[in-house]
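Below: the structure, in structure tokens.
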Amino acid sequence: MTDRKTPLLDELEKGPWPSFVTEIKRAGKKSAKAEDLLGQLEKSFEDKTGYWKHGGIVGVRGYGGGVIGRYSQKGEEFPNVAEFHTVRVNQPAGWFYTSDTLRKICDIWEKHGSGLTNLHGSTGDLILLGTDTSKLQPCFDDLSDAGFDLGGSGGGLRTPSCCVGPARCEYACIDTLDVTHEITMAFQDYIHRPMWPYKFKIKVSGCGNDCVAAIARADFTIIGTWRDAIRIDDAAVKAYVDSGMDISKMVVQKCPTSALEWDATNGKLTLCAEDCVRCMHCINVMPKALRPGVEKGASILVGGKAPVVQGAMLSWVIVPFMKLEPPYEDLKDLITRITEWWDEHGKSRERLGELIYRKGMRYFLRDMGLEPTPQMVMAPRTNPYWFWWPEEVNKG
Amino acid sequence: MVEAANPEIKDKVLDYLHKVPKAKSRDIAATLDIKKALVDAAIKELANEDLVEYLYIGTTYVTLKGSGEGLPKI
């Protein structure tokens, strides 16, 4: 390690929280790339500007995605970060690793790159930060031998991701891990050969708590739900009351659709299933007394995205309930039809939600063969983008 | 995803690629006036048959096998 001084970065080590500066310094003891990274970062703070160039044509044989080119504008001053490419590795569904696997990945990355990682990127991939163009192929070969594949980048399918699902969570209404694995395997080509107008993200949450924020981030959102009614264990409800919980205040009054009623005299909680929107609040507050129903499946939503062309959009419902059972043919068919439609009509850098917004929901629903349903309306008086076709209007 | 490619479309794609150094499948579909998903399927089979190859230059292009020499590719 050099005796480089980094007074501005050192400020980011103060306080009780973990510091990425401390971690880069630690890596810098073994890696010249990490050491030069600190130097360039300190310079950026001094000059109040970034010195990274994004892009360039870098990759590995047979793949159009998975590697993001990064070059330093200060390559002469910091030669070890002149090339500092990022490798995205497709994470296992639910991010379950053994420590042996993590060690294997880190060993490969210390051999071929800076040793710096970002677990995980916002799409969910394992991000390996900083290597040279000449080391990309050997790195990929080693990763491949260890059983890993690259994730998505550019205008194509991004690595599908999901919550931990039934592996760790009692609320999961679908096998998020299996769905994600199946989708990844079925649509591999679209991950590795980006040929769509822009990125396309698929995320899978096991219940309405939506722990992977699929509704806010995914173009195609799968959220576990149930079709019947929440199951209520009266004895467990009583136990909550006996322990001092104010059920009326904590649960019933907070139900967004007033679907719950509390009979304090008889200690009876009742649900009007037709009014329940499966928001999960009551179940979260009283997990021992309330459970999702037994007829489980998923709601399918489309159009979520962060702001670029249009502002940020939340996904909206297009299929209120779909049974999700292997081999998920209905789901795969819907994904295929939607991505083909978007690929056919989308402009460059236009996400699915923006295309639906531009063309109109009724064109989208017609081309998908979906009937409009009340669940597609986000809230009362929200414009559902639906207008009658001229031939359907009775002008008499 | 279309599973089996139409042989006629494969021939049309090959004919078209003889006329240009490289092309995006979207542009091929527009020129030939064929649904892009069908063109994608044809290209995929042609690539498996080693008759065309993919080029990744910002986005994905296709070219006749061997004719992309000199173009940046991975």
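Note that the structure is a prediction, hence the values are computed from the model and not measured.
Within a 6.0 Å radius of CD in A/Glu329, more than 12 heavy atoms belonging to other residues, nucleotides or ligands are found. By the neighbour-count criterion of 12 heavy atoms within 6.0 Å, atom CG of A/Asp145 is densely surrounded, having more than that number from other residues, nucleotides or ligands. Annotation: A/Lys323, atom NZ; neighbour count of heavy atoms from other residues, nucleotides and ligands within 6.0 Å is above 12.
Residues that satisfy the salt bridge (Lys or Arg N to Asp or Glu O under 4.0 Å) test with A/Lys305, not counting sequence neighbours, are A/Glu354.
Among A/Asp343, A/Ile335, A/Leu136, the residue making the largest number of heavy-atom pairs under 4.5 Å with chain B is A/Asp343.
Applying the ring-ring contact (aromatic ring centres under 6.0 Å, His included) test to every pair with at least one member in residues 131-154 of chain A, sequence neighbours left out, gives these pairs: A/Tyr63-A/Phe140.
No side-chain heavy atom of B/Arg26 sits under 4.5 Å from any side-chain heavy atom of A/Met195.
At a 4.5 Å heavy-atom cutoff, B/Lys24 makes no contact with chain A through either its backbone or its side chain. Within the 4.5 angstrom heavy-atom criterion, only side-chain atoms of A/Asp189, from C-beta onward, approach chain B.
Separation of atoms CG (B/Leu38) and CD (A/Glu340) is listed at 7.5 Å; rounding is to 0.5 Å. In this structure, A/Trp196 CH2 and B/Asp40 CG are separated by 9.5 Å, a value rounded to the nearest 0.5 Å.
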